[in-house]
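Data block below; observations after.
In this text, all values refer to a predicted model and were calculated from it rather than measured experimentally.
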Amino acid sequence: MTTGNLPASAAVLAARARWARQRRRLMAYGQWDPFMPAEPVRAHLQALAAAGMPRKGVEQALGLQPNALRHVTRGTYGYEPGKKVTREIGQAVLGFWPKLEDFPDSATVDPTGTRRRVEALAVVGWSRAELAKRAGRPYCSFKNSLRFERTSVPVAKLVVRLYDELWNQRPEDHGIRAWAAERCRRQARAAGFHGPLAWDDDLIDNPSALPQTDAQVSLLAQGENLAARFLLGESVILDAAARREVLLYLMEWADLTVEQVAERLEMTEAAVSRAWERAKEKACEDDRTVPWRRAYVSQQLRNSVAAA
């Protein structure tokens, strides 16, 4: 069997053989169900388009063939949009939400994530006026950019940079008067804003996502025991709950730096730090033992031991 003009590799042949055995086994048990309804996938694609990510962008981000999703959204060759889609593609689409870096600077995006970040910083004590000053933008321009139905990608990226820089910084430690920071916090609480620890970084831009205080656990996954299977080296798609479980295990029990944990989970270092702080805060609220870095040994300690 060949792929194009090149013979298939041994790994490809082995993968095809495993897939064929799995297919025969499931068919024998009457469990072969390779398709799923296309309507939820179509609705998710429409939500992605409303957020500024076109169908072609989704196909490119997921590594699909061009027009692989066209039959879901528009139909092909004069036929109506399909009623079924392969389960593999459908689950990949349903599990995808674009990150800010996926958009070009000329695009506009849903302002939800930008507003949530500004509101979260207000809970910490950073006012919009101070954020505009740090961003080097006129206050009125910065404030108005948060009111539009769409936000430009450069403004959104600017707010992300401020958020990553200031989410765990007290304004009082940076020259802001205490009364001004406290007034900002008081107004944020009165408005019902949620702080940085209430948001997962991979969900904060999703308009349908809820803060940690009242969010429902996502059921999108590839079976059970995702965290354990991931830690054992299996290639699985982690949902939000499984990703959080893996992160907590690596931070508490693995001798890895924050940078290494972030790289393994394809997250930013700031996102890992926020999730770790959120877990410790939750443990305090529930009167449980606060997790700590049991296995990690700093490079400085390694060097001192080696020198001794």
Closest contact, heavy atoms only, [X] versus [Y]:
X: L231; Y: R264; value: O-NH2, 3.9 Å
X: P111; Y: T151; value: CB-OG1, 3.0 Å
X: P37; Y: P40; value: O-CD, 3.5 Å
X: T108; Y: R150; value: O-NH2, 2.7 Å
X: G90; Y: V41; value: CA-CG2, 3.8 Å
X: Q260; Y: D255; value: OE1-O, 4.2 Å

Has R177 got more than 12 heavy atoms of other residues, nucleotides or ligands less than 6.0 Å from its CZ?
-> no
Near E277 CD, under 6.0 Å, is it more than 12 heavy atoms from other residues, nucleotides or ligands?
-> yes
Kindly determine whether R293 and E252 satisfy side-chain contact (heavy atoms from CB on, under 4.5 Å), including the steps that lead there.
-> CA-CA 4 Å; R293 306 216 59 190; E252 184 168 7; over 6 Å; no
Check: [X] side chain, [Y] main-chain N or O, donor-acceptor pair, under 3.5 Å:
X: R243; Y: L265; value: yes
X: H44; Y: V93; value: yes
X: D110; Y: T112; value: yes
X: R42; Y: V72; value: yes
X: E59; Y: A68; value: yes

Hey, could you give me the [atom1]/[atom2] distance between [X] and [Y], rounded to the nearest 0.5 Å?
X: L48; Y: L69; atom1: CG; atom2: CG; value: 10.0 Å
X: K280; Y: L197; atom1: NZ; atom2: CG; value: 10.0 Å
X: I89; Y: Q65; atom1: CD1; atom2: CD; value: 9.5 Å
X: L158; Y: Y163; atom1: CG; atom2: OH; value: 15.0 Å

Hey, could you give me each pair passing salt bridge (Lys or Arg N to Asp or Glu O under 4.0 Å) that has a residue in residues 82-93? Not counting sequence neighbours.
-> D33-R87
Do NZ/NE/NH1/NH2 and the carboxylate oxygens of E281 and R278 come within less than 4.0 Å?
-> no
Does R274 pair with D164 as a salt bridge, N-O distance under 4.0 Å?
-> yes
For W179, the hydrophobic cluster (side chain heavy atoms closer than 4.5 Å, chained through members) also holds none
Do the side chains of [Y] and [X] get nearer than 4.5 Å, heavy atoms only?
X: L248; Y: P291; answer: no
X: R55; Y: V58; answer: no
X: T73; Y: Q46; answer: no
X: S273; Y: N168; answer: no

Pair up each side-chain donor or acceptor in residues 129-141 with any protein partner under 3.5 Å, not counting sequence neighbours, and list the distances.
| unit_1 | atom_1 | unit_2 | atom_2 | d |
| --- | --- | --- | --- | --- |
| R134 | NH1 | E165 | OE2 | 3.4 |
| R137 | NH2 | S141 | OG | 3.4 |

State yes or no: do [X] and [Y] share one hydrophobic cluster built from I, L, V, M, F, W and Y residues joined by side-chain heavy-atom distances below 4.5 Å, directly or via other members?
X: F148; Y: V155; result: no
X: V261; Y: W167; result: no
X: I176; Y: F193; result: no
X: V85; Y: F96; result: yes
X: V272; Y: W199; result: no

Side chains of residues 183-191: which donor-acceptor pairs under 3.5 Å do they make with residues two or more places apart or in other chains?
| unit_1 | atom_1 | unit_2 | atom_2 | d |
| --- | --- | --- | --- | --- |
| R185 | NE | V124 | O | 2.8 |
| R185 | NH1 | E172 | OE2 | 3.1 |
| R185 | NH1 | E182 | OE1 | 3.3 |
| R185 | NH2 | V124 | O | 3.3 |
| R185 | NH2 | E172 | OE1 | 2.9 |
| R185 | NH2 | E172 | OE2 | 2.9 |
| R189 | NH2 | E182 | OE2 | 3.3 |

Just grab all the side-chain hydrogen bond (donor to acceptor under 3.5 Å, both in side chains) pairs involving residues 116-129, residues at least two apart or on different chains.
-> R117-D205
Tell me, which pairs form a ring-ring contact (aromatic ring centres under 6.0 Å, His included) where one or both residues lie in residues 270-294, sequence neighbours left out?
-> none
